Structure formats: C-alpha cells, structure tokens
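This report concerns only the one structure given below.
Every heavy atom of this structure was used, including side-chain atoms; hydrogens, water molecules and symmetry mates were not. From a predicted model like this one, the values you see are computed outputs, not experimental measurements. Below, read A as the first sequence line, B as the second, and so on, with proteins coming before strands; counting in each chain starts at 1.
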Protein chains: 2
Amino acid sequence: MGATKTEHFTVQQNTIATIAKALGHPARVAIIEYLLQVDTCICGDIVNELPLAQPTVSQHLKELKNAGLIKGNIEGTAICYCINETAIEQLKSYFGEMTVRLNEKKSSCC
Amino acid sequence: MGATKTEHFTVQQNTIATIAKALGHPARVAIIEYLLQVDTCICGDIVNELPLAQPTVSQHLKELKNAGLIKGNIEGTAICYCINETAIEQLKSYFGEMTVRLNEKKSSCC
DNA sequence: TCTTAATATCGCAATATTACGATAAATAAT
DNA sequence: ATTATTTATCGTAATATTGCGATATTAAGA
C-alpha cells in the first residue's frame with residue numbers, strides 16, 4: 001500500500017488534511033509568511049528568499065496552489081502570487097472552534 | 001535527495017510545519033475530532049472508530065504524539081489518549097494572527 | 001500460572017514526497 | 001529575429017509515508 005484511504009473519511013476531514021498537509025513543510029510555511037510580509041503581492045523573488053533551487057520552489061508553489069492556499073496571476077514574464085485568505089480563514093475557524101470546545105469540556109483526565 | 005531541509009528554516013516555521021504535517025492525513029484529523037467528541041478521554045476504542053487496521057491506527061497515534069498534538073497515559077491494559085490543548089491553541093493563535101494581518105493589508109492585487 | 005485483552009513494534013510492499021539538474025515555454029527588451 | 005528573464009515541467013535519485021500481517025509487550029483476570 002502507501003496510498004491514503006481518503007474515501008473512508010468525511011469531506012471536511014479530507015479538506016482540513018489537504019490544507020494542513022500543504023503547510024506540513026517548513027519551506028511552504030516560509031513561503032506563506034513571506035507573502036504575508038511583502039506589501040504588494042508581485043512576488044517574483046520568492047526563489048531568492050528561500051534556500052532552495054528554483055524548480056523546488058516552483059514545485060512547492062504548485063502544491064500550495066493545489067491546496068488552495070495561494071493564488072497566482074500571470075503578470076507579464078513574472079507571476080503574481082498571493083495568499084488565498086479563504087483557506088487561512090478556514091483554518092482559523094476550525095482551530096478556533098476546536099479551542100472553544102476544548103475549554104467547554106474541562107474534564108481533562110491526562 | 002528526498003529529505004526535508006529543516007535546518008534552513010526558523011524554529012517557528014519548523015514547529016508549525018511539524019504540527020500541520022501531523023494533521024495532514026484525514027485519519028489523524030478524524031482521531032483528533034473523535035477525541036474532541038468523546039467526553040472522557042479513556043479512548044481504547046479509537047481503533048473501532050476508524051476504517052483502518054490496529055497497527056495503522058497505532059502508528060497514526062504515535063505520529064500525533066510525536067508532534068505534540070495528543071498525550072497518552074497508561075491506564076492498566078488500556079491507554080488514555082487525549083488532546084494536548086497547547087498545540088491546538090498554538091495553531092489557533094498562528095492562523096488567528098495571520099487573518100488579522102491579512103485584513104490589515106487590504107491591498108490584494110489578485 | 002495461563003489466558004485474555006489492548007497496544008506497540010517489526011518487516012515489508014506500494015506509493016508519495018523532496019530536491020535538483022536539464023530543459024522547455026512564454027514574454028520582454030534590444 | 002535574437003537574446004535575456006522568469007517560471008514551469010521532465011526525469012530521476014534519495015528518502016518518507018501509508019498500510020497491514022505477524023509478532024512482541026504489558027498488565028488484568030481467572
């Protein structure tokens with residue numbers, strides 16, 4: 001085997017897992033943080049910011065895009081990448097609600 | 001190659017990536033949600049809740065534990081697993097702060 | 001002590017990820 | 001048209017993940 005059994009889980013569980021997986025690599029966390037830091041989102045220089053070769057960065061960007069975490073617009077010869085706020089909001093709500101529920105049930109036995 | 005170059009990124013970036021990676025599989029999301037749902041955290045029946053074999057579940061639990069997302073206490077022959085609230089709070093703050101910063105800079109050009 | 005029950009670990013096969021050099025594709029500038 | 005610039009894709013090697021059967025471990029109960 002080796003392939004994830006996605007079909008056995010709910011859509012929401014798979015959605016969260018997909019977004020989380022995309023953030024499961026420090027380079028991709030670094031990319032998101034860089035996009036957040038930079039004012040404009042004309043971001044042709046992501047490659048220079050990261051300690052990785054250009055094809056590797058391109059691949060990471062592709063995965064972030066597939067997971068819906070970033071958007072990319074062609075801007076001449078460069079490409080304008082920026083954060084998809086919806087995905088981040090989704091994570092915020094998910095973990096926000098989870099902490100609320102954790103605080104409600106204080107019966108932590110561990 | 002094939003190994004993540006963790007040493008090139010900040011501690012915080014690696015921390016977030018590690019926790020996110022642990023949640024990057026629907027089975028592990030399902031485990032967390034189940035632990036949240038169940039009142040007490042005597043959770044010997046996680047295996048019955050998931051469509052996966054016992055060794056596979058055990059492995060997923062191990063990864064969640066290594067990432068600091070759950071805690072496990074030995075309770076006789078069973079094991080009491082429960083969510084580590086700190087890790088969830090960490091994610092909540094991280095994405096919460098991120099949405100704040102996203103709303104501050106409305107200059108979304110995409 | 002012997003059995004039962006609950007988890008963990010080992011070993012392995014299938015698949016996925018990570019990284020990068022080489023190269024392609026697309027547009028801008030000369 | 002030719003060249004430079006930027007990003008994507010291909011191919012491939014190294015490593016990691018996923019899943020499970022078989023087996024070990026650990027402690028409770030008869």
Side-chain angles (χ1 to χ4, degrees), chain A residues 1-9 13-14 17-31 34-35 41-67 69-82 110, chain B residues 1-9 13-14 17-31 34-35 40-67 70-82 110:
Chain A
M1 320 292 145
T4 299
K5 291 187 159 182
T6 50
E7 67 276 12
H8 293 309
F9 302 97
Q13 283 164 352
N14 277 301
T18 301
I19 305 179
K21 190 175 188 179
L23 287 172
H25 192 291
R28 294 195 288 266
V29 173
I31 289 172
Y34 181 67
L35 287 179
C41 55
I42 299 151
C43 307
D45 41 8
I46 295 177
V47 174
N48 304 320
E49 284 294 315
L50 294 180
L52 295 168
Q54 180 267 322
T56 308
V57 174
S58 188
Q59 207 172 297
H60 282 308
L61 286 166
K62 193 180 175 185
E63 273 170 73
L64 285 170
K65 202 174 176 183
N66 285 342
L69 273 160
I70 61 175
K71 295 179 278 185
N73 271 35
I74 298 170
E75 196 114 332
T77 170
I79 287 194
C80 159
Y81 275 117
C82 57
C110 302
Chain B
M1 320 291 141
T4 299
K5 292 186 158 182
T6 50
E7 67 277 11
H8 293 308
F9 302 98
Q13 283 164 351
N14 277 301
T18 300
I19 305 178
K21 191 177 187 177
L23 287 172
H25 192 291
R28 295 195 287 266
V29 173
I31 289 172
Y34 181 66
L35 286 179
T40 130
C41 55
I42 299 152
C43 307
D45 41 8
I46 295 176
V47 173
N48 304 321
E49 283 294 315
L50 292 181
L52 295 169
Q54 181 268 321
T56 309
V57 174
S58 187
Q59 205 173 301
H60 282 308
L61 286 166
K62 192 179 175 186
E63 272 170 75
L64 285 170
K65 203 174 175 184
N66 284 343
I70 62 175
K71 295 179 280 185
N73 271 35
I74 298 170
E75 196 114 331
T77 171
I79 288 195
C80 158
Y81 275 116
C82 58
C110 300

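Nearest-nucleotide mapping onto DNA chain D: of A/K62 and B/G24, the residue sitting toward the 5' end is A/K62. Residues B/Q54 and A/L52 each lie close to DNA chain C; by heavy-atom proximity, the contact nearer the 5' end of the strand is made by B/Q54.
Regarding A/R28, its CZ atom lies at a distance of 9 Å from the C1' atom of C/dT18, rounded to whole Å. To the nearest angstrom, C1' of D/dG19 lies 13 Å from CD1 of B/I31. The CG-P distance, from B/L61 to C/dA6, rounds to 15 Å in whole Å. One can place CG of A/D45 at 16 Å from P of D/dT5, the figure rounded to the nearest angstrom.
Residues A/A27 and A/L52 approach most closely at CB-CD1, 3.7 Å, considering heavy atoms. Nearest approach of B/F9 to B/N14, heavy atoms of both residues: O-ND2, 3.5 Å. When every heavy atom of A/L69 is checked against every heavy atom of A/A22, the shortest pair comes out as CD1-CB, 3.7 Å.
The aromatic rings of A/H25 and A/H60 are tilted relative to each other, their planes meeting at an angle between 30° and 60°.
Using a 4.0 Å cut-off, no side-chain N or O of B/Y81 falls inside it from OP1 or OP2 of C/dA6. At the phosphate of D/dG19, OP1 or OP2 sits under 4.0 Å from a side-chain N or O atom of B/H60. For B/K21, a side-chain nitrogen or oxygen approaches OP1 or OP2 of D/dT17 to under 4.0 Å. A/T56 has no side-chain polar atom (N or O) that falls below the 4.0 Å cut-off from OP1 or OP2 of C/dA19.
Nearest to the side chain of A/H25, among D/dA8, C/dT18, D/dT18, sits C/dT18. Relative to the side chain of B/S58, the nucleotides D/dG19, C/dC20, C/dA8 differ in distance, and C/dA8 lies closest. Comparing atom distances between the A/I79 side chain and each of D/dA8, C/dA8, C/dT9 picks out D/dA8 as nearest. Of the candidates D/dG21, C/dC20, C/dT18, the closest approach to any side-chain atom of A/A53 belongs to C/dC20.
Looking at heavy-atom distances under 4.0 Å, A/E63 makes contact with sugar-phosphate atoms alone, never a base. As judged by a 4.0 angstrom heavy-atom cut-off over every strand, A/K65 is placed among residues making no nucleic acid contact.
No donor-acceptor pair under 3.5 Å is formed between the side chain of A/R28 and the backbone N or O of A/L23.
Side chain A/Q59 to base C/dC20: a donor-acceptor pair is found below 3.5 Å.
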